[in-house]
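Contents: one structure, followed by commentary.
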Number of protein chains: 2
Amino acid sequence: MIFIKKYYDKSQQYFIFTETTRDYMSNCIKDITHNEAFELLTESELLILKNNKTSIKYDKGEVLIKQGTLSNSIIFVKKGISKIYIEGSQKKIILTIKRDNNFLGLSSLYTEDKTYQYTVTALEKCKVELYDKTAFKEVLKKNVAFSNEIIKYINHNTSRFYKRLLCITEKNSRGKVADMILCLSNHIFGCLEFTIPLSRQELAEFAGLSMENTIRILKEFEADKLIKLKGKSFKIKNKTMLERISEFG
Amino acid sequence: MIFIKKYYDKSQQYFIFTETTRDYMSNCIKDITHNEAFELLTESELLILKNNKTSIKYDKGEVLIKQGTLSNSIIFVKKGISKIYIEGSQKKIILTIKRDNNFLGLSSLYTEDKTYQYTVTALEKCKVELYDKTAFKEVLKKNVAFSNEIIKYINHNTSRFYKRLLCITEKNSRGKVADMILCLSNHIFGCLEFTIPLSRQELAEFAGLSMENTIRILKEFEADKLIKLKGKSFKIKNKTMLERISEFG
DNA sequence: CTTATTTATTGATATTTATCAAAAAATATT
DNA sequence: AATATTTTTTGATAAATATCAATAAATAAG
């Protein structure tokens, strides 16, 4: 039987699940793809982008965007998984993991600070298109529907971060790890069995915990038969319980 | 002599400041005002807004925006201080405190989820203008410069949240409290002596700590002659040291 | 002005989580 | 295949922080 430890529950040291109708705040809101935006462009606008486009392939581990450098490009990832993270003075925190058909660098479109706010590195081979920011802005000026679609993507990211901020403040370490596993399953891989392109250290940076703590909780989940682990391959065996740990932890 | 306690510093239990050139990540990046956006509009566009505008006054404590309700308005705060916060299932976290001449609700402009992501309440009397979202979007569609200015505001908020996320993950409790005090001083009140419209509980929600812990650290800062406290009135006596605590804590 | 109620403060304590250290396992290198 | 190196895991421990409880102070209500 699995319980969730709660702070200072006097009557019983462990908290047993009860059915309540709380708002369930998870990092795991579904991500949206960004490819529809291009369909809003006219031939001439597409041509502007085409003439200011560079197609590049990145290998695993290579840096697509480096925090602090001048943001001269808007990047569209056609294929591949990448991690977006902020580098602090002591720690790193992975904001999100992005799949195919996503823009990178939109949050640096119009800002006083002309540098990228985060670093992006490829977690596997990535095929990307670099658009010159000036040209991209030109198209943005010409086409209001396109511009609004871009606002939509930016706002979608923002609402993800609101949730993430709350999760980091509110959830305990088990909740964070459960949430991360569900996030990987639901939104990155879309299935219950997957192999992560992340080290344990990176998992910790994603969960916002120390590596040792993250590992310990993963092992705990394994002992409780919630997941099955083998190196980087994960198998979710009791999704309902993971959801409850994420919700109540 | 003031030291900053560091985790497990073996050689010496307390960490003494050393001059390094680290990136200093603070929540306290300067906020921008949003009134310039209106200057980009034509007469006819201003008229559309004017015809879809309601002017309202809110008293202290009243709710301007409620998380989860349908986002039918874009709000422009002409005058007054308000707090923006996310309500979790167990905790609240104050995202930011906004002054005069700021838009609220921009992050709900274009989203699948048509509800507000956060709650906003007045910390003092507020004079606001409610714009019908449909009309606001109509103007956005007509005027690209306006649209881009709005993107700028949204992105500015985003970069604030990136920093905030990092601060919450990286800083210890003293660093968080020091950072909060500096934020209030630099960007909300613009001076070293100010009276906060926040309770201790709200300060804790702003710092992301428990109320008791927040109070204890405030008292500690007072004992160390960094600040002077009297109820809700604050006086900063050693800004340099606060900055270092925020930086290294 | 007195009493009730809320808010702020302090102290003691428990829990969570990070850190350190060392071993085991996995991967890379020769 | 043997060795070196890195990553992962485990155990022990310390520090940070939250919680509980009780008191003090401030504010509101009668």
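Per chain, numbering begins at 1; letters A, B, ... match sequence-line order. As a basis for the values below, the full set of heavy atoms in this structure was taken, side chains included, without hydrogen atoms, waters or symmetry mates.
- Here the P atom of nucleotide C/dA25 and the NZ atom of A/Lys230 are 13 Å apart, to the nearest Å.
- Atom-to-atom, CD of B/Glu205 to C1' of D/dA18 comes out at 15 Å; the value is rounded to the nearest Å.
- Atom CD1 of B/Ile196 and atom P of C/dT7 are 14 Å apart (whole Å).
- Spacing between atom CD1 of B/Ile217 and atom C1' of D/dA15 amounts to 13 Å, rounded to whole angstrom units.
- Evaluation of the side chain to side chain contact (heavy atoms under 4.5 Å, CB included) rule for A/Ser55 yields A/Lys53, A/Glu129 as partners, not counting sequence neighbours.
- Scored by the side chain to side chain contact (heavy atoms under 4.5 Å, CB included) test, B/Lys60 finds no partners at all (sequence neighbours excluded).
- Between A/Ser173 and the phosphate of C/dT17, there is a side-chain N or O to OP1/OP2 separation shorter than 4.0 Å.
- Qualifying side chain to side chain contact (heavy atoms under 4.5 Å, CB included) partners for B/Leu192, counting only residues two or more places apart in sequence or in other chains: B/Ser185, B/Ile236, B/Lys239.
- A search for ring-ring contact (aromatic ring centres under 6.0 Å, His included) contacts involving A/Tyr58 returns nothing, not counting sequence neighbours.
- Note on A/Glu87 versus A/Lys66: salt bridge recorded, some NZ/NE/NH1/NH2 to OD/OE distance being below 4.0 Å.
- The side chain to side chain contact (heavy atoms under 4.5 Å, CB included) test applied to A/Thr121 returns A/Val63, A/Lys83, A/Tyr85, A/Thr119, not counting sequence neighbours.
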Within the 4.0 Å limit for protein heavy atoms, which parts of nucleotides 4-10 of chain D are touched? Write it as a string from 5' to 3', B for base, S for sugar-phosphate only, - for none. ----BBB
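- Rounded to whole Å, the distance from CG on A/Asn213 to P on D/dA16 is 17 Å.
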Extract all donor-acceptor atom pairs below 3.5 Å that involve side chains of residues 101-108 of chain A and protein atoms in other chains or at least two apart in sequence.
from     : atom 1 : to       : atom 2 : distance (Å)
A/Asn102 : OD1    : A/His34  : NE2    : 3.3
A/Asn102 : OD1    : A/Lys98  : NZ     : 3.1
A/Asn102 : ND2    : A/Asp100 : O      : 3.3

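- A/Tyr118 meets the ring-ring contact (aromatic ring centres under 6.0 Å, His included) test with B/Tyr162; sequence neighbours excluded.
- The shortest distance between the side-chain N/O atoms of A/Asn172 and the OP1/OP2 oxygens of C/dT16 is not below 4.0 Å.
- For the helix from C/dC1-D/dG30 to C/dT30-D/dA1, the rotation axes defined at the first and last 5 base pairs enclose an angle of 40°, given to the nearest 10°.
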